[in-house]
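Below is one structure; the comments refer to it alone.
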Protein chains: 2
Amino acid sequence: MGTQGQNDSSRQPTVKEVALLAGVSPMTVSRTLNGGKSVRLEVQQRVIDAVQMLGYQRNENARSIRPGQPSGLVGVAITNIANPYYGNFALGVEDIASQRGRRIILGTTGEDSARERQLIADFIGRQVEGLILVPSGGRSDHLQPNRLRGTPLVLASRMAAGVDVDAVIVDDIGGALRGTQALLDVGHTRIGYLGNDASTFTGMRRFQGFRQALVAAGLAADPRHVRLGQNDISEAALAATDVLMSPDAPTALFAANNRNAVGALKAIGELLAHGRPLETMPALVSFDSFELSELMPVPVVVVDHDARELGRQAATMLFRRLDGDPDAPAVVVEMPTVVRNSRR
Amino acid sequence: MGTQGQNDSSRQPTVKEVALLAGVSPMTVSRTLNGGKSVRLEVQQRVIDAVQMLGYQRNENARSIRPGQPSGLVGVAITNIANPYYGNFALGVEDIASQRGRRIILGTTGEDSARERQLIADFIGRQVEGLILVPSGGRSDHLQPNRLRGTPLVLASRMAAGVDVDAVIVDDIGGALRGTQALLDVGHTRIGYLGNDASTFTGMRRFQGFRQALVAAGLAADPRHVRLGQNDISEAALAATDVLMSPDAPTALFAANNRNAVGALKAIGELLAHGRPLETMPALVSFDSFELSELMPVPVVVVDHDARELGRQAATMLFRRLDGDPDAPAVVVEMPTVVRNSRR
DNA sequence: TTGATTATTGGTAACGATATCATGAAGAGT
DNA sequence: ACTCTTCATGATATCGTTACCAATAATCAA
C-alpha cells in the first residue's frame with residue numbers, strides 16, 4: 001500500500017539483504033553507503049534503490065564494534081533535567097554535538113554519587129566517545145582517567161576533588177561576591193543565605209564569595225539565617241519561610257541557585273498572601289537567572305550566566321580533546337557571570 | 001598507584017582478557033556476568049576479581065548485535081529541551097526508563113520535520129527498543145509502523161495525522177475551553193490569542209477550545225488580536241506587545257503554551273516599566289503552568305497538567321507495548337488538565 | 001601486441017559477546 | 001558396577017559491519 005518498504009517483516013533488513021536485492025556483495029553496499037569510492041555510479045544507484053526499497057538502516061551498534069569506528073555517542077550526565085538550568089545546559093551540549101554528527105545519551109544522577117558511578121560505567125559500556133558530567137560530589141575515584149580507559153571527560157559547572165581533567169566552571173566566587181555587594185550597597189546588613197550543601201563545589205564557592213563580601217564590609221553571616229542542602233523548590237521554600245519567620249529576620253536573602261531562589265520567592269508569595277506587608281519582604285539575590293525575574297514583587301539581583309553557553313563550551317572542549325592530543329594538560333575554563341538588577 | 005585498574009592502556013579490556021586473567025574461557029566470564037548460572041562460586045569469584053582488576057566494562061553495543069539481545073536504549077525526541085515543559089517531560093520518561101534498566105538517547109527536533117525524520121532513522125540505526133516522540137507536524141510517513149520495522153512508537157502531547165500508534169495527549173480542547181470560560185466569567189469580552197501555528201495538533205485543538213468558549217458566550221475571536229506561530233519567548237513578546245498596542249486592545253490574553261505565556265508577561269513587564277498603568281494591563285490565561293505564576297502583577301489563570309507525569313505515562317505505554325502484544329490496537333490516552341487561578 | 005597500472009568487485013576474517021552444542025566429571029538410583 | 005542425570009565448562013558459530021587482500025576487468029604506454 002505504501003510507496004516503499006514493501007517487506008513489512010518486523011526484523012530490520014541487513015546489508016546482506018540489500019546486497020542480494022541489488023545483486024552485489026555486502027562489501028559493495030558498505031562502500032556505497034560510506035561515500036561510494038570505487039563503486040560504479042550505476043551500481044551505486046542500484047544499491048541506493050535497494051536501500052530505499054527495503055527501508056534499510058545501518059546498524060550503528062554493529063558498526064561501532066569494528067576497531068576504529070566511533071560510536072557517534074556522547075554521554076551527558078546531569079543532576080536533574082527538570083531544572084531548566086540543566087535543560088539549557090543539555091541543549092547547549094546538543095547544539096555542538098549535533099553539529100559534529102554526534103548523538104547524546106542523557107542520564108540524571110539526582111546528586112547521587114552511586115548513581116553517577118553506575119551511569120558513567122554504563123556510558124562507557126556503550127562506547128561513548130566522550131563524557132560530559134556535572135559531578136555530584138562525594139567520592140570520585142570512578143572519574144580518574146585510568147578508570148575511564150581513554151574516554152575523555154569534561155566536567156561542567158563543578159569540579160571534582162582530585163580529578164585532573166578538562167572542566168568548565170562558573171565564576172562562583174566573584175559572582176556571589178558582587179551579588180552580595182549589590183545588596184550591601186543599598187544598605188542591607190542582615191542577609192540570609194540559602195544554598196547547596198557545603199560539600200558541593202559550587203556550594204562551597206558561592207558561600208565563600210558571599211562571606212568575602214560580608215567580611216569586606218565588616219559584617220559576618222548570622223548562622224541562624226544560613227540554610228544549606230535544599231535540593232528542590234519545596235525544601236527551599238520551607239527553609240526560606242523558616243528564616244523569614246525567625247527573630248531578627250534578615251532584610252535580604254542570598255539564594256545560591258535557581259531552585260533556592262524560586263523557593264524563596266514562593267515563600268515570599270505565601271507570606272504576602274497571608275497578609276504580611278510588602279515592605280517587610282526581603283530583597284533577593286539569585287545566583288542563576290530565572291524567567292520573569294523582572295516581574296517579582298521584591299527587588300531581585302540576578303547573578304547570571306548562560307547555561308546553554310556553558311553546555312556549548314563543555315562540548316567544544318570535549319571535541320577539541322577528541323580531535324587533538326588526548327594527553328595534553330587539563331584545561332579549566334571559568335565562565336564570567338553578569339550581575340544585574342531585575343528592575344531598570 | 002590506584003588500588004585497581006592496573007592496566008592503564010587506553011584500550012578497553014574485553015571478555016577475552018578477563019578470561020585469560022581469570023584462567024577460564026570467555027564463555028564462563030559471560031555466564032558469570034549474566035547471573036552466574038552454572039558457574040562454580042569459586043570460579044565466579046575469580047572472574048569478578050579479574051573484572052575488578054582490569055576495570056572491565058561490558059561492551060553493550062557488541063552485545064546488542066546478537067539477535068534477541070535488547071539494546072537497553074529508548075529514543076526520545078522532543079522539540080526543545082530548553083523549554084522546562086519538555087525538560088520535565090524527559091525527566092518523567094527517564095523516571096520510568098531507568099526503573100526498567102533502560103537508558104535514554106535524547107534528540108531535539110526544533111519543530112523541524114526533516115530533522116525529526118533523520119533523528120528517528122538514527123535512533124533506529126542504534127537499535128533503540130522503542131521511541132517516544134513529540135511530533136513536530138508536517139509529513140509523517142516516516143512514522144508509519146512499517147517504516148519503523150517493529151520498533152514501538154509512542155507519540156506524546158501531539159498526534160500525527162494518519163499515524164495509528166499509541167499516544168498520550170492532553171485535554172487541549174477542554175482545558176482551553178475552561179480556561180477561556182474563566183476569563184469570560186469575570187467579565188472579559190475582548191480576549192486576544194497567542195498560540196502555536198494552526199498546523200500543529202495542539203495549536204489546532206487549543207484554538208478550537210478557545211473559540212468554542214467564545215461561541216458559547218455569543219462572542220467571536222477578533223482576528224486582529226490573534227497571533228499564531230511564535231516559537232520562542234522573544235517572538236511571543238513581540239506578538240503580545242503588538243496586540244496590546246493595537247486599537248481596541250483586548251482586556252485579556254489567552255496564551256496557548258508556556259513560551260507564549262512567558263512572552264506575554266515579558267511584554268506586560270515592559271509596558272509597566274514604560275509607565276503604562278497596571279489597570280490597563282490584560283489578564284492572562286496560560287495553557288501550561290510556569291514557575292512563580294502566583295507572583296505575577298496581573299491575574300493569571302493557569303491551565304495546568306503535569307508534564308513529568310505525561311512523560312511517565314508515555315514511557316509506561318511504551319513498556320506495556322514492549323512487554324505485551326506488539327499488534328494490539330493503538331491506545332490513545334488523554335490526560336486531564338486542571339484550571340486554577342494563580343491567586344487565592 | 002604486451003606488460004603495467006588502475007578501477008571495480010568479492011572473499012575472508014575480525015570486532016566483542018553469547019547461544020548452542022559437545023564434553024567431561026560428579027553424583028543418584030538400581 | 002553400570003546406566004542415567006545433572007552440573008560445570010569450553011569450542012564453535014554467529015550477530016551486522018567493514019578492513020584487508022585477492023581477483024578480475026578495463027585502460028594505457030610503449
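Throughout, a chain's letter reflects where its sequence line sits, starting with A, and its residues are numbered from 1. Just so it is clear, the model here is predicted, and its values are computed rather than measured.
- Between the P atom of dA17(C) and the CD atom of Q127(B) lies a distance of 17 Å, rounded to the nearest Å.
- Taking atom CD1 of I65(B) as the reference point, atom P of dA14(C) lies 15 Å away to the nearest angstrom.
- Atoms NZ (K37(B)) and P (dT6(D)) sit 16 Å apart, rounded to a whole Å.
- Each of V332(A), L322(A), D166(A) was scored for a side-chain contact (heavy atoms from CB on, under 4.5 Å) with M317(A), with one residue passing: D166(A).
- Checked against salt bridge (Lys or Arg N to Asp or Glu O under 4.0 Å), R320(A) has no partners two or more places apart in sequence or in another chain.
- By the ring pair (Phe, Tyr, Trp, His ring centres under 6.0 Å) test, Y85(B) is found to be paired with H305(B), residues two or more places apart in sequence or in another chain being considered.
- Closest to the V24(B) side chain, of the nucleotides dG10(D), dA8(D), dG16(D), is dG10(D).
- Rounded to whole angstrom, the span from the CG atom of L41(B) across to the C1' atom of dC7(D) amounts to 13 Å.
- With sequence neighbours left out, the side chain to side chain donor-acceptor pair (under 3.5 Å) criterion links Q99(B) to no other residue.
- By the side chain to side chain donor-acceptor pair (under 3.5 Å) test, S136(A) is found to be paired with E116(A), residues two or more places apart in sequence or in another chain being considered.
- Distances shown here put a side-chain N or O of T28(A) below 4.0 Å from the OP1 or OP2 atom of dG10(C).
- If you measure from atom CZ of R46(A) to atom P of dT9(C), you get 8 Å, rounded to the nearest angstrom.
- As a whole-Å value, the separation of Q12(A) CD from dC15(D) C1' is 13 Å.
- Listed by first and then second residue, the side chain to side chain donor-acceptor pair (under 3.5 Å) pairs that reach into residues 64-77 of chain A are S64(A)-N61(B), sequence neighbours excluded.
- In this structure, the side chain to side chain contact (heavy atoms under 4.5 Å, CB included) partners of R312(A), at least two apart in sequence or on a different chain, are D95(A), I96(A), R308(A), E309(A).
- When the P atom of dA26(C) is taken as reference, atom CZ of R40(B) falls 10 Å away, rounded to whole Å.
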Taking only distance into account, with no hydrogens and no angle test, what donor-acceptor pairs under 3.5 Å do side-chain atoms of residues 156-165 of chain A form with protein atoms, sequence neighbours excluded?
from    : atom 1 : to      : atom 2 : distance (Å)
R158(A) : NH1    : E111(A) : OE1    : 3.1
R158(A) : NH1    : P135(A) : O      : 2.9
R158(A) : NH2    : E111(A) : OE2    : 3.0

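- Between F201(A) and I169(A), some side-chain heavy-atom pair lies under the 4.5 Å cut-off.
- Over its full length, the helix from dT1(C)-dA30(D) to dT30(C)-dA1(D) turns its helical axis through 40°, comparing axes from the five pairs at each end and rounding to 10°.
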5' to 3', nucleotides 17-28 of chain D under a 4.0 Å protein heavy-atom cut-off (B base, S sugar-phosphate only, - none) gives BBBB--------
